[in-house]
Amino acid sequence: MLKIYNTLAREKQIFIPMVAGKVSMYVCGMTVYDFCHLGHARVMVVFDMVSRWLRSSGLDVTYVRNITDIDDKIIKRANENGEDISVLTQRFIDAMDEDSALLGVLRPDIEPRATAHVDGMIDMISALISKGHAYHAENGDVFYSVNSFAKYGKLSGKSLEDLRAGERVEVDTFKRDPMDFVLWKSVKPNEPSWDSPWGKGRPGWHIECSVMGACHLGKHFDIHGGGQDLQFPHHENEIAQSEAANDCTFVNYWMHNGFVRVDDEKMSKSLGNFFTIRDVLKKYDAEVVRFFILRAHYRSPLNYSDKHLDDAKQALTRLYTALRGADVVAKVDETAATYEAFKAAMDDDFNTPEAVAVLFDLANTFNKSGDLAAASQLKGLANILGLLERSPEVFMQGGSTDGLDVSAIEAKITARVEAKKAKDFAEADRIRQELSAQGIVLEDGPHGTTWRSA
RNA sequence: GGCGCGAUAGCAAAGCGGUUAUGCCGCGGCCUGCAAAGCCGUUUAGACCAGUUCGACUCUGGUUCGCGCCUCCA
């Protein structure tokens, strides 16, 4: 029985899909004007894990993750670069795809782009205007009237009075209420635009997700996810738009992942304290990064530092070390107690830290007993999380070898074996130290000497 | 100011009203020519103050500290 923490209810709830056996899930994806940072990596990995677990549980999942390819920052960046918006966005979509593939993130079933749904947005905005939930203001923009939606604030737990009391809300004279938000922006010089009943312009941000969700999953669907920072105003506004326009519940379960932090502060573009995925991957194996993310619960804050990634690398190495030379196929035995424990953890709001602990228990069991069933189970359960998918040798020899190629390393190993045979332990130790200085660790086992990257 | 979240051992991170979380690091031992890996053992917990209870890290209240949202943000 899967339980999901529903932001809307502020508690874990038993997950009941609208259609038995099927799950419709929408996740707010990236605005593509720059490389993805670790915060984006967390969203991608977390909801990849969620979709994998749902599928592993036998559910037929339709996973939609949108791409925002039109917005203020994109326009600004394209103008700065003097390039076409579509060239800019495609370049960063490609980069995102590369990064996510390295992180073991499976492609969502549908990746709709905002620019391909402008007609749908115009339709929804028209519907909102005709129902009295939106108005065409003097400056040409179309705004959503928050007063017209009684449940405004139900997701974020905010009331309009409290929001208005905040001094930080900039007063826009064209709005009827300071909290009203823009649905359609009238065209400005050097900006792309689309024709609409309100003249040339372009959509506001929030409307795209309402439209793309409905277009691909229906007006009412199961799960909507995203980063915690989208809870307000983005998701609140999505609810207001969708429910006012469609006269039905928009989403049953709202999921929000916690932030990646640096020095206990949120990693963000505006704070400038972000690390791009590709920067981190220069130093750390992508699976280590994925493991680092899944080792923490998705709703908890996750502090980034080299020390923590080093720690994650050591831990993941322990799992791979256990499987080294085991030559087993991943195979999940659902009757085993370890599966029960793993399932119980995952069904408890995707408790990956506890699920990962089961992996270590299995590694320990296998190390002690050599029971191949434990190794298969370890690999099988880890694979559900998108972990331990490579051969141990590839993982363990994949680090920095200081420019040495494999044949050179093997030649050194052969020379050392000869020295050992001749009882020349001084020479044997010298060779090992030489390799050690280059990041190679030699290990003498019952079946000969093996090597790995430090 | 409004709303919300959190505080667990050296570090990271979970569950749980009473029974070893887990990983990394440290220490002792086994194994090894020496190592490494592994195995066994082991040191460090539950911010603070009250309350409920036979019993609280776990529930309740308060205090302190940290963080987030309220503006673009995953």
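Keep in mind that the numbers below use all heavy atoms, side chains included, and drop hydrogens, waters and symmetry copies. Naming convention: chains lettered A, B, ... in sequence-line order (proteins, then strands); numbering from 1 in each chain.
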Margin query: One pair to check against side chain to side chain contact (heavy atoms under 4.5 Å, CB included): A:Trp254 and A:Leu155. What are the steps and the verdict?
Written below: CA-CA 9 Å; A:Trp254 285 89; A:Leu155 178 68; 3.8 Å; yes
Check: Of the nucleotides B:A37, B:G23, B:C39, which one has an atom closest to the side chain of A:Ala315?
Finding: B:G23
Under 3.5 Å between N/O atoms: give me all the protein pairs with nucleotides 6-8 of chain B, atom names plus distance.
none

Next item on the list: Not counting sequence neighbours, list each pair that qualifies as a ring pair (Phe, Tyr, Trp, His ring centres under 6.0 Å) and has a residue in residues 256-282 of chain A.
Entry: A:His37-A:Phe274, A:His235-A:His256, A:Phe275-A:Tyr304
Next item on the list: Using whole Å, report how far CZ of A:Phe232 lies from C1' of B:G4.
Entry: 13 Å
Note to self: What contact category does A:Gly39 fall into here, base, sugar-phosphate, or nothing, at under 4.0 angstrom with non-hydrogen atoms?
What the structure shows: base
Note to self: Side chains of A:Asn79 and A:Asn190 only: does a donor on one sit below 3.5 Å from an acceptor on the other?
What the structure shows: no
Checklist line | Gap between atoms CE and P, on A:Met267 and B:G68 respectively (whole Å) | finding: 13 Å
Check: Taking atom types as modelled, is there a side-chain donor on A:Glu236 or A:Ser156 under 3.5 Å from an acceptor on the other?
Finding: yes
Note to self: Measure CZ/A:Arg299 against C1'/B:C5 and give the value in whole Å, please.
What the structure shows: 10 Å
Margin query: Among A:Phe181, A:Trp184, A:Trp205, which residue satisfies the ring pair (Phe, Tyr, Trp, His ring centres under 6.0 Å) criterion with A:Tyr144?
Written below: A:Phe181
Note to self: I need the minimum non-hydrogen distance between A:Arg299 and A:Arg42, along with the two atoms involved.
What the structure shows: N-NH2, 4.5 Å
Checklist line | Nearest-Å distance for atom pair CG/P, residues A:Asp264 and B:C5 | finding: 19 Å
Notebook entry, point to check: In whole Å, what separates the C1' atom of B:U32 from that of B:G23?
Noted result: 26 Å
Notebook entry, point to check: Only one of A:Phe350, A:Phe221, A:Phe15 clears ring pair (Phe, Tyr, Trp, His ring centres under 6.0 Å) with A:Tyr253; which?
Noted result: A:Phe15
Notebook entry, point to check: Does a side-chain N or O from A:Gln314 land closer than 4.0 Å to OP1 or OP2 of B:G23, or not?
Noted result: no
Notebook entry, point to check: Do any of residues 100-109 of chain A sit with a heavy atom less than 4.0 Å from RNA chain B, and if so which?
Noted result: none
Note to self: Can you pull out every side-chain hydrogen bond (donor to acceptor under 3.5 Å, both in side chains) where at least one residue sits in residues 369-385 of chain A? Sequence neighbours excluded, please.
What the structure shows: A:Thr338-A:Gln377
Check: How far does the C1' atom of B:C65 sit from the matching atom of B:G46, given to the nearest Å?
Finding: 16 Å
Item checked: Interface residues of residues 368-390 of chain A with RNA chain B (non-hydrogen, below 4.0 angstrom) -> A:Lys368
Note to self: Check A:Asp444 with A:Arg416, please: is the shortest side-chain N to carboxylate O separation under 4.0 Å?
What the structure shows: yes
Check: Looking only at side-chain N and O atoms, does A:Arg432 come under 4.0 Å of OP1 or OP2 in B:A35?
Finding: no
Check: Choosing from B:C3, B:G33, B:C73, which nucleotide comes nearest the side chain of A:Asp162?
Finding: B:C3
Next item on the list: Look at the side chain of A:Asp429 and the base of B:G33, then say whether one donor and one acceptor between them are separated by less than 3.5 Å.
Entry: yes
Check: Rounded to the Å, how far apart are A:Met396 CE and B:A37 P?
Finding: 9 Å
Check: Is it true that A:Lys158 and A:Asp162 have a side-chain N and a carboxylate O under 4.0 angstrom from each other?
Finding: no
Check: Which value, in whole Å, describes the distance between the C1' atoms of nucleotides B:C27 and B:G10?
Finding: 13 Å
Item checked: By side chain to side chain donor-acceptor pair (under 3.5 Å) - contacts of A:Glu287 (at least two apart) -> A:Tyr320, A:Arg390
Margin query: Tell me whether A:Lys73 is salt-bridged to A:Asp34, with the criterion being a basic N under 4.0 Å from an acidic carboxylate O.
Written below: no
Next item on the list: Using the P atoms only, state how far B:U64 lies from B:G28, rounded to an integer number of Å.
Entry: 45 Å
Next item on the list: Could you give the distance separating B:U53 and B:C39 at their P atoms, to the nearest angstrom?
Entry: 46 Å
Margin query: If you take any heavy atom closer than 4.0 Å to RNA chain B, which residues from residues 69-77 of chain A end up in contact?
Written below: A:Lys73
Next item on the list: Ignoring backbone atoms, test whether A:Arg318 places a side-chain nitrogen or oxygen under 4.0 Å from the OP1 or OP2 oxygen of B:C39.
Entry: yes
Notebook entry, point to check: Using the P atom in both, what is the distance from B:G29 to B:A35, to the nearest Å?
Noted result: 11 Å
Checklist line | Residue list, side chain to side chain donor-acceptor pair (under 3.5 Å) with A:Glu427, at least two apart or on another chain | finding: A:Arg430
Margin query: Please give the distance between the C1' atoms of B:C11 and B:A45 as a whole number of Å.
Written below: 13 Å
Notebook entry, point to check: Which listed nucleotide (B:A74, B:G15, B:G2) is nearest to the side chain of A:Lys158?
Noted result: B:G2
So which protein N/O to nucleotides 11-14 of chain B N/O distances come out below 3.5 Å?
residue : atom : partner  : partner atom : Å
B:A14   : OP1  : A:His297 : N            : 2.8
B:A14   : OP1  : A:Ser300 : OG           : 3.0
B:A14   : O3'  : A:Asn351 : ND2          : 3.4
B:A14   : O2'  : A:Asn351 : ND2          : 3.4
B:A14   : O2'  : A:Glu354 : OE1          : 3.2

Checklist line | Atom pair distance, as rounded to whole Å: CZ in A:Phe292 and P in B:G23 | finding: 19 Å
Note to self: When you measure from the side-chain N and O atoms of A:Asn367 to the phosphate of B:A37, is any distance below 4.0 Å, counting only OP1 and OP2?
What the structure shows: no
Note to self: For the P atoms, the ones on B:A14 and on B:C70, what distance do you get once it is rounded to whole angstrom?
What the structure shows: 24 Å
Check: A:Phe360 side chain: which of B:A74, B:U22, B:C39 is closest?
Finding: B:U22
Next item on the list: Could you pick out which residue, A:Lys269 or A:Gly157, lies toward the 5' side of RNA chain B when each is mapped onto its nearest nucleotide?
Entry: A:Gly157
Notebook entry, point to check: Expressed in angstrom and rounded to an integer, what is the separation of A:Glu265 atom CD from B:C69 atom P?
Noted result: 10 Å
Margin query: If the threshold is 4.0 Å, N to carboxylate O, is there a salt bridge linking A:Asp97 and A:Arg107?
Written below: yes
Next item on the list: For A:Phe92, check ring-ring contact (aromatic ring centres under 6.0 Å, His included) against everything at least two apart and list the hits.
Entry: A:Phe35
Notebook entry, point to check: If pairs are Watson-Crick or G-U with both distances under 3.5 Å, what is the dot-bracket string of RNA chain B, marking crossing pairs with [ ] and pairs to another strand with |?
Noted result: (((((((..(((.....[...))).(((((.......)))))....(((((..]....))))))))))))....
Check: Of A:Met30 and A:Ala428, whose nearest nucleotide on RNA chain B comes first from the 5' end?
Finding: A:Ala428
Dump every N/O contact between nucleotides 43-46 of chain B and the protein below 3.5 Å, one line per pair.
none

Notebook entry, point to check: With a 4.0 Å cut-off, would you call A:Arg52 and A:Asp48 a salt bridge?
Noted result: yes
Note to self: Between A:Lys266 and B:A74, is there a contact of a side-chain N or O with OP1 or OP2 at under 4.0 Å?
What the structure shows: no
Notebook entry, point to check: CG of A:Asp444 versus C1' of B:C34: gap in Å, rounded?
Noted result: 9 Å
Notebook entry, point to check: Cut-off 3.5 Å, side chains only: do A:Asn237 and A:Gln241 have a donor facing an acceptor?
Noted result: no
